[in-house]
Structure formats: C-alpha cells, structure tokens
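Okay, structure first, notes after.
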Amino acid sequence: MIREDFLPLAKPDITDLEVDAAVEVIRSGWLTTGPKVFEFQDKFSRYLQEDQPLYTAGLNSCTSALFLSLKALGIGPGDEVIVPTWTFAATSLVVEWLGASPVLCDIEGPSLNICVKDAQKKITDKTKAIIPVHMAGYPCDMDGLETLRNNYNLKIIEDAAHAIGTKYRGVNIGNFSDVTCFSFYATKNLAMGEGGAAVCRDNALADRIAKLGYFGINKDAFKRYEKAGTWLYDIEEAGYKCNLDSVHAALGLAQLSRIDAMNDKRRGFAAQYREGLANVLEFTEDSDEHHHVFHLFPIILPRQADIHDFIFRLKERNIGSSVHFTPLHRHSHYSDRFAPELFPKAESLFGRVVSLPMCSKMDESDVDYVVSHVREILK
Ligand SMILES: *Cc1c(COP(=O)(O)O)cnc(C)c1O
C-alpha cells in the first residue's frame, strides 16, 4: 500500500508553546534584539555548559556564527583553514569571505566526520584553524582534534549545526573549543526558521562576536532605545549585521524547553530504523560512548545500488529523502583546486549516502512504512 500523503524528509516540530511564545513577543512591541534574546543566550549557555560557564552570542544564522567566529579569532588573507569535504557550503565559504583559503580534507569513513589524520597531513605554516563538522549529530574525534590544536597551535571552530545535545564521551558539544557554532534553521533539531549561535568558553570572545554581528557597535547598543539607555553609541570596528531578533529568540526558548524530548524521539526512530533495516544496508556510525542526536538519518546504499533509482522509487512511494552532502570537492567552485584522488574515503561513499525521513514530528508508523518500502526497493 502506498500512503496518500507525502512523508517529507523533515518538518519543524512546532506546537502551541512556540506559537504562543511568538505571539506574545509580537504583541509586546519589542521585535528586534532585546530581553528575549538575552534570555535565550543565557538559557542556551546553561543548557550546554558542564563544569565551566559558557557564553552565547545569538545570531541570525550558523553561517554568520562561523564567519564572525573566524573573524574574531583573527583569520584573514593568507591564512589557511582546514575544512572536511563532506559538509554544507557554509563551512568553507565563510573562510573565503575573509580572504583566507579553505583546505579540504577527507573524512574518516562511515561517521562522515573529519579524518584527523588527513587533517594533520594538510597542516602547513599558514594553517590557522580547523572547522570540524559533527555530521548528522554524531560527534567528531574531539581528542584527536585537541591533540592537533595543542601540537600545532591551531584554533578549533566547531560547526555544530547538526549537534545540539550531542555528547562526546558524555560531555556536551559546546564545551570543547574556542567557539562552537549552532544552527536554528527551519530543518535543524532546534528550529527558529532562521537563527544561529556562537558559544564560547571566554565571555570576552562571545561579546566580541556579538559586537561584530551588530556593526561593531559596543554591546549596550540596544539599550539606547530604552529609558535607561544613553543616546551615545560608538562604532568600535567595522562590523556586520547578523543579530538575532526577539521573535526568533522566543521560538527558540520554547524549542529549548523541549529539545531533550525531541532528541529522544529522534533516537527512538533511529533505533527503529536500525532494527528494521539491519542486514539490508549499512548505517553511518553510532556508539554507546557518544550521544548521537540524529539530526539526519543517513544510510549507506550497497555498492551495486543506483542512488537515482533508489530516490526515485522512494518518491513513487511518497517518501521524501535527500543527500547530505555532495562533497565540496565535487562542486565546480572547488573541483579545479581539489582532485577526487585526495579524498578516497569521501569518494568511496559519494553517491551512496541518502538521508531518510527523520524528525520528531514523525511517528513510529511512518518509520515502519519507510522501513518496509526500503526493504522492498533493495530486494
Ligand atoms: C545548516 C548548516 C549550516 C548553516 O546553518 P544556517 O543556520 O542555515 O546558516 C552550516 N553547516 C552545516 C553542516 C549545516 O547543515
């Protein structure tokens, strides 16, 4: 039986809690950056932090967070930044916007995460930073990255767009590096529509990123509209315009109160997929040691399967899917600079990785439906 409605790859999990929170802010008369944003920043820091405090700069996207973090850490023309080839455009383009060069490196294998050994091979005396990406919500080898950071005096800026609630050896992602960047884009585990954050261990760095995200104007800028504020403001450096607003922050606060429950649902669906599809295909990595939040549920097709045909047949059965990601070195913008031979692991998986529907809005019968059709297609 083919279901009548289309099962999309993902839907934002919005309830009355989010709707009411947004309406309240809209009615309040304060729409842009203000108290709701500061409350979100505080609560987000407290959600992530372990034994040391964390500081959050709320921004309009993860892309902005990555860009401003690199900028605040002094990355600029002539510098090299190592980026895994298996990621979204944002991770490497932000490096180019600063006049620096992204240096692509291979992935480990089925985790789809950065290969620390290959990253080490790509280090030159121009290398200033590495941007690891926790693919699908599975943590990167943070111990390996920490060793590189110490041995080569590098900055680590994590792309944690998929990884809110992810833990590495039981510790929340957000506690490991100079800056960790999160996305609250419509499809992400915590959805605002558009939004992002840079989370820092150093308060001064978080303030600097927030300032760069608002024209380089000092941090009390938004108080100037209040009775207690002063009329005087100062542009301290050439900043940008990437601030988070109160409507999105209100959505974020409501989502944050539900994030663990939403992530648990995803983990339950992932377990159900794994059980249902065991012996039919391979999965990306998971382990008891780490806490995977399954922003995505990527599967690895058997070598002989045809990905176009597979996706087409899913569609015929009203099942959405997607590919995360086409490796960067496979795109026209990069293919002149980076030959496929440089990325044996990514090449062996390219064209075989497909994301199946995954979001906390689904239910167990949706997963059962996908499982039975994937089994049938691959028979
Ligand atoms: C979504 C995504 C981003 C960008 O997030 P935005 O908030 O849309 O800017 C960056 N990196 C990865 C890996 C992503 O999936």
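We count ligands from 1, going down the list as the structure has it; atoms in each ligand are counted the same way. All residue numbers refer to positions in the sequence shown, counting from 1.
Between Phe184 and Phe40, the gap from one ring centroid to the other is short of 6.0 Å.
When each of Leu68, Val179, Ile156 is tested with Leu73 by the rule side chain to side chain contact (heavy atoms under 4.5 Å, CB included), just one qualifies, namely Val179.
For the residue pair Asp5/Asn318, the side-chain donor-acceptor check at 3.5 Å is not satisfied.
Counting Ile, Leu, Val, Met, Phe, Trp and Tyr side chains that sit under 4.5 Å apart, directly or through other members, Tyr138 stands alone, with no cluster partners. Other members of the cluster containing Val25 are Ile26, Leu31, Val247, with ILVMFWY side chains joined at under 4.5 Å, either directly or via other members.
Residue pairs meeting the ring pair (Phe, Tyr, Trp, His ring centres under 6.0 Å) criterion with at least one member in residues 97-126, sequence neighbours excluded: Phe67-Trp97.
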Check ligand 1 for N or O atoms under 3.5 Å from a protein N or O and list each pair with its distance.
residue	atom	partner	partner atom	Å
ligand 1	5 (O)	Ser183	OG	3.3
ligand 1	7 (O)	Cys62	N	2.9
ligand 1	7 (O)	Ser183	OG	2.7
ligand 1	9 (O)	Cys62	N	3.3
ligand 1	9 (O)	Thr63	N	2.9
ligand 1	9 (O)	Thr63	OG1	2.5
ligand 1	11 (N)	Asp159	OD1	3.3
ligand 1	11 (N)	Asp159	OD2	2.7
ligand 1	15 (O)	His162	NE2	2.6
ligand 1	15 (O)	Lys188	NZ	3.2

